[in-house]
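Let me begin by presenting the structure, written as structure tokens, before commenting on it.
What you are looking at is a predicted structure, and each value in this text was computed from that prediction instead of being measured. The basis for the numbers below is simple: all heavy atoms, side chains too, and nothing from hydrogens, waters or symmetry mates.
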Amino acid sequence: QVQLVESGGGLVQAGGSLRLSCAASERPFGSYYIGWFRQAPGKEREFVARFTWSGASGDYADSVKGRFTISRDNAKNTVYLQMNSLKPEDTAVYYCAAGSRYSRDHADYGYWGQGTQVTVSS
């Protein structure tokens with residue numbers, strides 16, 4: 001059973017940056033695909049980024065491409081989401097997830113963190 005804990009959310013002005021962290025309780029974390037998703041009030045949960053633990057780069061939603069970067073620290077068993085040039089429309093609860101498929105569909109991820117709130121003011 002993988003347990004995921006996100007941190008790093010908060011309130012930031014438009015144009016600012018935040019770095020979200022997702023720490024996993026289980027090793028090897030490397031047997032799972034990692035995804036970041038977000039959900040704004042009244043909206044469906046949407047894909048943000050995904051990463052294979054052994055991969056060299058990530059895959060991003062068009063809405064965040066060029067602004068967000070997913071990375072990992074093997075020693076800390078942690079995945080990060082660096083968010084730059086934040087916009088008010090990025091406001092949402094952000095979740096990291098682990099699953100056995102390299103997918104943009106949240107239904108393919110069986111393990112989820114508790115979520116962390118990101119609020120971007122205009």
Side-chain angles (χ1 to χ4, degrees):
Q1 184 89 10
V2 177
Q3 292 185 327
L4 305 173
V5 179
E6 300 104 333
S7 60
L11 173 64
V12 64
Q13 288 189 328
S17 298
L18 285 173
R19 188 178 78 160
L20 306 183
S21 300
C22 175
S25 62
E26 180 178 293
R27 296 180 70 95
F29 204 9
S31 62
Y32 295 98
Y33 297 105
I34 307 302
W36 282 97
F37 294 81
R38 66 186 181 186
Q39 189 165 19
K43 294 189 176 182
E44 297 285 323
R45 189 166 298 190
E46 66 173 352
F47 165 77
V48 175
R50 59 179 174 169
F51 194 76
T52 57
W53 194 251
S54 59
S57 63
D59 174 47
Y60 302 92
D62 288 344
S63 58
V64 307
K65 196 173 295 183
R67 301 188 296 122
F68 291 12
T69 303
I70 191 170
S71 63
R72 71 186 191 274
D73 184 328
N74 291 349
K76 296 183 178 179
N77 223 30
T78 299
V79 174
Y80 301 99
L81 185 68
Q82 178 67 44
M83 307 187 296
N84 298 328
S85 302
L86 282 162
K87 304 175 181 180
E89 52 263 43
D90 293 319
T91 295
V93 178
Y94 284 69
Y95 299 89
C96 69
S100 58
R101 295 184 64 182
Y102 188 55
S103 171
R104 288 186 167 203
D105 187 345
H106 63 83
D108 288 325
Y109 292 81
Y111 302 100
W112 291 83
Q114 81 286 356
T116 185
Q117 176 71 46
V118 171
T119 303
V120 184
S121 63
S122 57

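When all heavy atoms are compared, the tightest approach of Ser17 to Asn84 is OG-OD1, 2.9 Å. For Val48 against Phe68, the heavy-atom pair with the smallest separation is CG1-CD2, 3.7 Å. Across all their heavy atoms, Ala24 and Leu4 have their closest contact at CB-CD2, 3.9 Å. When all heavy atoms of Ile34 and Ala98 are compared, the closest pair comes out as CD1-CB, 4.0 Å.
Between Glu6 and Leu20 there is no side-chain heavy-atom pair separated by less than 4.5 Å. Taking 4.5 Å as the limit, some side-chain heavy atom of Asp90 sits within range of a side-chain heavy atom of Arg67.
Residue Met83 holds its CE atom at 11.0 Å from OG1 of Thr69, rounded to the nearest 0.5 Å. Considering OG of Ser7 and OH of Tyr94, their distance stands at 15.0 Å, rounded to 0.5 Å. The structure places CD of Gln13 at 9.5 Å from OG of Ser122, a figure rounded to the nearest 0.5 Å. Put simply, CG on Asn77 and OG on Ser25 are 8.0 Å apart, with the number rounded to the nearest 0.5 Å. Note: Asp62 CG to Phe47 CZ = 9.5 Å, rounded to the nearest 0.5 Å.
With sequence neighbours excluded, the residues satisfying side chain to side chain contact (heavy atoms under 4.5 Å, CB included) with Val93 are Tyr95, Gln117.
Using a 30° and 60° split on the angle between ring planes, Trp112 and Phe37 fall in the tilted class, from 30° to 60°.
No donor-acceptor distance shorter than 3.5 angstrom exists from the side chain of Thr119 to the backbone of Thr91, with no hydrogens or angles considered. No donor-acceptor pair under 3.5 Å is formed between the side chain of Ser103 and the backbone N or O of Arg101. Between the Arg104 side chain and the Gly35 main chain, no donor and acceptor come within less than 3.5 Å of each other. Of the possible polar contacts, one joining the Arg50 side chain to the Tyr102 backbone as a donor-acceptor pair under 3.5 Å is found.
When each of Ser21, Cys96, Cys22 is paired with Tyr80, the side chain to side chain contact (heavy atoms under 4.5 Å, CB included) condition holds for Ser21 and for no other.
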(request) Go through Arg38 and Leu81 one step at a time and tell me if the side-chain contact (heavy atoms from CB on, under 4.5 Å) criterion holds. (result) CA-CA 12 Å; Arg38 66 186 181 186; Leu81 185 68; over 6 Å; no
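Tyr109 and Trp36 sit in two unconnected hydrophobic clusters of ILVMFWY residues. Membership requires side-chain heavy atoms under 4.5 Å apart, directly or through other members.
Surrounding CD of Glu46 are more than 12 heavy atoms belonging to other residues, nucleotides or ligands, all under 6.0 Å away.
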